[in-house]
Amino acid sequence: MTDQLKKILLGEQGLVVIFVVAFALVSLLVPNFLTDRNMLGLLQSVVTVGIVACTMMFCLAARDFDLSVGSIVAFAGMVAVMASNYTGSILLGLLAAIACGAFVGFINGVVIAKFRINALITTLATMQIVRGLALIASDGRAVGINSPDFYQLALSKFLGIPTPVWVLALLFCIFGFVLNRTVFGKNTLAIGGNPEASRLAGVNVDRTRIWIFALQGVVCGIAGILLASRITSGQPNAAVGLELSVISACVLGGVSLAGGRATMSGVIVGVLIMGIAENAMNLLNIPAFYQYIVRGVILLLAVLLDNLRSSALGRR
Amino acid sequence: MTDQLKKILLGEQGLVVIFVVAFALVSLLVPNFLTDRNMLGLLQSVVTVGIVACTMMFCLAARDFDLSVGSIVAFAGMVAVMASNYTGSILLGLLAAIACGAFVGFINGVVIAKFRINALITTLATMQIVRGLALIASDGRAVGINSPDFYQLALSKFLGIPTPVWVLALLFCIFGFVLNRTVFGKNTLAIGGNPEASRLAGVNVDRTRIWIFALQGVVCGIAGILLASRITSGQPNAAVGLELSVISACVLGGVSLAGGRATMSGVIVGVLIMGIAENAMNLLNIPAFYQYIVRGVILLLAVLLDNLRSSALGRR
Amino acid sequence: MSFLDFSRITKTYPGVKALSDVSFGVGKGAVHGLMGENGAGKSTLIKILSGDQHADEGEIRIDGKVQAYASTRDAFDNGVIVIHQELQLVPELTVAENLSLGRFPASAGVIARGKMLEDVGAKLKSAGIDIDISRKVKTLSIGERQMVEIAKAIMLDARVIALDEPTSSLSSRESEILFALIDRLRGEGKVIIYVSHRLDEVFRLCDSLTVLRDGKLAAHHASLKGVTRDQVVAEMVGREISDIWGFRPRKAGDVRLKVEAISGEKLKAPASFEARAGEIVGFFGLIGAGRSELMRLVFGADPRSGGTIIVDGKAIHAADPHGAIRAGIVLCSEDRKHDGIIQGRSIEENINISSRRHHARFGILNRASEIATAETFIKKLKVRTPSRKQDIINLSGGNQQKVILGRWLSEQGVRVLIVDEPTRGIDVGAKAEIYELLYQLAEDGMAIVVVSSELPEVMGICDRILVMCGGRVSAELSRDQFDEKAILAAALPDTKPPTPSHPEDLT
Amino acid sequence: QDTKIGFIVKQPEEPWFQDEWKFADQAAKEKGFTLVKIGAEDGEKLMSAIDNLGAQGAQGFIVCTPDVKLGPGIVAKAAANNLKLMTVDDRLVGADGKALEDVPHMGISATKIGEAVGQAIVDGMKARGWKADEVGAIRVSYDQLPTAVDRVEGAISVLKANGFKAENIFDAPQAKTDTEAALNAATVVLNAHADIKKWVSFGLNDEAVLGAVRASESVGIPADGMIGVGIGGADSAINEFKKPTATGFVGTVIISPKRHGYETALNMYDWVANNKEPEKLILTSGALAKRDDYQKVRQGLGIE
Ligand SMILES: Nc1ncnc2c1ncn2[C@@H]1O[C@H](COP(=O)(O)OP(=O)(O)OP(=O)(O)O)[C@@H](O)[C@H]1O
Ligand SMILES: Nc1ncnc2c1ncn2[C@@H]1O[C@H](COP(=O)(O)OP(=O)(O)OP(=O)(O)O)[C@@H](O)[C@H]1O
Ligand SMILES: [Mg+2]
Ligand SMILES: [Mg+2]
């Protein structure tokens, strides 16, 4: 019995188990937590972080770093709104946003992979440049959406669940599959695990890295569109600091900053833990200043638990 | 002739040379740049970033990461002011601030080194916790300084140069020496180069890492005191986002995020480049939104130049 | 013109002329040996062949066609496969994934897992390599990793296969598997370049031989008929070496190191042994016998779960390297890439990292003595480098090994020196000097423990040999009892008759 | 069923919003309803916060939005969660940029506050006998924030109307909204125009102006060479007035967090509990507080 329990707790999916236990506890202890409405609200609140975490996972797994995601999300949202307003076609707006995201990501990738400039500095630079562009394009003010159909992206539901949550779930599935079952995913992990060995084995390291950043851009574009639809405007100041939330969700989910280690289930758990913490704190009416402390303690506890688990498991 | 030029440009101190050239250019092109007053203003504006960069260099060189510096700076400033007001003795206030900084740093170090929790997550957690404490202690408000002597810390001058700039220069010297001429510094670099090999070579890796974080805390305490004196109050919201500026200054100065590589001269140049960029942009009256773009481009250019230099040198 | 032709290859690194004007050719279906001192340029030549590095001058021709590779990928698309000296594996991936990396069987980018496992399994089986392909590489011992690395050579249809010191961490049994494989490949008409410091291997396997010295071609033997070992050694080192072991009997003193029933996670059974002052104790065994694990426990590199370690009558309680070194035990680890070199730092720092505490005052370095120590050991161990400030990563494999040895030889107050595969990748000339150093240290009263997979080496330099098998000490022999058959029998876990090995015989 | 009312603000760490919350709490205590305080720094957090309130079973909420263009989104979200909605401080606008007049609002326009600042500066200059063309103005700007732009533009319009020349107004863009950033930016302006000896400064809030005042001190401009007027009137400004000697920070335009907090909460309670709909628009005004009268001004606003 205890043996079996140990096996479950310490297995590959241990983080998930810890999460389930924590979730059950929160459900019991926090009033109004386990209601349909709150669950939907919770899921919607993690859409942006969750979507961007999908590709950030790849980025970190390949030993890279992307600080520009917040800016790209804001920029793509602006582009979606402005292009929709300008062309009168929402579809064109969406395409433009995704194209812009992909373009910025591609530039990131090329600069990092081809000119061999540190990813931190490169994406810090594009973070500033893209944010500047968003501010210039909008003169620092939010841009309203002409067509109410645009709101429907975020408001529409399918089987009672809002579209953005479906999109999130879909992306989780896609990128989970890509990570484990495709050449691209394995190459990513190999590059992070040992770049030199991957290069010598004939993996096209540069091209893979460029792809990762370009994908990151596309995904940020999608996140930007959904965000703009949700807040019914394109805001140049949106998603400031998103990079830190996303990276912490990933690391919390067991993605190694030293590269080579990542699982989709871990990242999902990381994203949800962060979302639940925020949600529960607001439900419990914890004062703003104390929320800082609680947030910090939860982060620490989550990693500590996972660490105890894996060191009990004997891995280092 | 060209050979000698090449040697200077490509030598160890190439970054410094590039910097000198850039400095000369800015002096020529930007009006009012090379005045005594502006130079002093420039130096004063980099004091906080510069001081914290001293120890962040050690942190990064040992393959660690510290996101909590901004919060510690704000917290230490608050403590300095509140303790001075409470005890009536400025000296006690300063000691209390440094002690608090050291304590937080020490906790960071212990959690990271002993419990083996990822440095990013740990310091993200303490960043939140410490900021929360600062907000709670002050009820989110700025705390005024009772004794005007406290302002003198920042206003007093020696040989025409303000005390904070002297402190900065002194810390640059001290930490430059520590990095290159002490066992501690060499151990730090070795840990960053290969932590496992260093451990097997008898380096007390855990203790060294704890020391690094504790020192980081002390230095943040000093920075916090000077900042509080400079703005004549303790502000719980001060220094938000400081960590990113400091880390980018370090990376710009050639500190490797993969550990094992750092020079004090590089970091000084990194800090100054960032300071000069801000300064010159304001002198040139570049509109705020365009400043984002210029900042990004300068970052990219600086690393690109350094990269060209070192790849021309044949190292990769 | 031969099938594979190196023509006037020249390559310069900053401060080092690694190769100058090297030309030779190799025919089809031949194994060609490449020998030379550490830093002679062997690996550089192999790297140029693999498209990893580019020659400053000269060209490589295969079947008369000039080869110009932009990348390693190009190289094996042209049928050139290289097994590098340093292991190039991804620890987080499985054996099968490592062997398929860069060429996963896939449709539309989706990996065909079943096919991958099948392919890899079949290839390994046909080559006689027995490793669980679903294990992650990080769980393998260094010897097992070397086998995985070698298996890469048969994963693709190659015309040219180059192996850079493939046996440096293999014991004789695994080496035999490799030799059988090489014989098979030769039979299939491939060209094989074989780099090694082990003369007996070269003479057993190779059809022809090239010797490099200081980046220049020192000798080329189109056939090994009539070529003697002494001759090759002389071509390599520029002098004759009469007796590589140079064994000198010493008097053993009191017990210095006493290990009692030590146990740890990866050691199957508690182990005990002792070593006396002035004694050189050898540990022999096959890959995975647990020798390295035992030594890591003694040194405190891994946590131990029981047992005592006594040095000079005093029990050591510290269970970390830091404490062990201060108690006078040092360990030179077998995995120099992971546990030894500190990349990005200079030779000088790599040497001084541990011993500098004897010279530093109040934590402040004594530059003069650091420089002196570094220079001393660079000279003593003949490290080939333009300067002590050179980044260690730029050294040749053997020279890196020398620097790591220098790190431990420069320590003071050492009572017990444990060296795990000390001469891995080191050339014959330097080997003799290292042995000589070990004798001197022993004569000064140190207890020395040598772990080695080279049977001739342990037999040549040790006063006593302990044989390990399956995580247990299975036999102990004093010098007068040394017997190759008995030792091998004790090392083999099953009853299969021991494969004969070829003891190096230089006298 | 208990009455539960949400109060969402855009910058929960700011003393101003802390005060709003404090006074709203006071109303909650008096009337016996539950007040749920949530900070929402951006549009996404705001949407989650509204969902969260709905989930908790609140009946209505008051919001100071991080961006006025969120208007339609907030209205839709509130309706979807069946929550009554009031705004405070910042008034919502629709996609066309026009105010959403259906949503009850209490506040003061950013431009108005700016104009009050400008007027205070002009009065100060008159009192000191400064002539407009010998004075430089530091516009501590944070253009990323629309409110900040409106505030400084309000001040500038009054300065210009009183003969201030546009070329004597210098932009000091702060990279962040804290005092240090303002200090660094203002220092550059002061050093670039070392010939000007008389300065005025204004900005987004007290902290920004304090930065400019500190900068003037550090380059050796005496207190009577600087007229800085801030906005907010929280502790950082009061601390300045408490200093033993006067500084260049001569005044601050105080807006009453009491009205904004207490009254809105009360109005919302009446709406929820007694179905008494609040006025659609209540405009408050700022009051200038100076070193010698700040206590009185604060008492007048009911916040001492
Ligand atoms: N990247 C590099 N930068 C500078 N010098 C280098 C670099 N790589 C190799 N060298 C130098 O080139 C020379 C030849 O090195 P190489 O690795 O080919 O030697 P080797 O014959 O393989 O030696 P070993 O037997 O020790 O493996 C050495 O002196 C080495 O220090
Ligand atoms: N990190 C690890 N995780 C799991 N098993 C391991 C690990 N490292 C080594 N082993 C296993 O432990 C056993 C003992 O390995 P060890 O390295 O001690 O053997 P050895 O006698 O030194 O042989 P070698 O010649 O390979 O060094 C091997 O079977 C190996 O597969
Ligand atoms: Mg070699
Ligand atoms: Mg071994």
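No experiment lies behind these values; they were computed from the predicted model shown. Numbered from 1 within each chain, the chains take letters A, B, ... in sequence-line order.
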What's the spacing between [X] [atom1] and [Y] [atom2] if we round to 0.5 Å?
X	Y	atom1	atom2	result
B:L300	A:T122	CG	OG1	6.0 Å
B:N118	A:L252	CG	CG	9.5 Å
B:R295	A:M127	CZ	CE	9.5 Å
B:L120	A:L299	CG	CG	9.5 Å
B:L133	A:Y290	CG	OH	9.0 Å

Residue pair A:S248 / B:I121: nearest heavy atoms and the distance that separates them =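 Answer, listing the atom of A:S248 first, then B:I121: O-CD1, 3.9 Å.
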For the student: nearest non-hydrogen atoms of A:G296 and B:A125, plus distance |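 Taking A:G296 first and B:A125 second, the nearest heavy atoms are O-CB, 3.3 Å.
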Examine whether an atom of A:V111 lies under 4.5 Å from a heavy atom of chain B, and if so say whether it belongs to the side chain, the backbone or both; otherwise answer neither.
->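 For A:V111, the contact with chain B is made by the side chain alone.
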Which atoms of B:I136 come close to chain A, meaning under 4.5 Å heavy atom to heavy atom: side chain ones, backbone ones, both, or neither?
->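 Both parts, heavy atoms under 4.5 Å.
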A:Y292 and B:L135, any side-chain heavy atoms less than 4.5 Å apart =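 The answer is yes, as the side chains (C-beta and beyond) meet within the 4.5 Å cut-off.
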Do A:D139 and B:F289 have side chains that get closer than 4.5 Å, going by heavy atoms?
->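 Of all side-chain heavy-atom pairs linking B:F289 with A:D139, at least one is under 4.5 Å.
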Might you work through the side chain to side chain contact (heavy atoms under 4.5 Å, CB included) test for A:Q128 and B:I298, ending with a clear yes or no?
-> CA-CA 11 Å; A:Q128 312 247 26; B:I298 288 178; over 6 Å; no
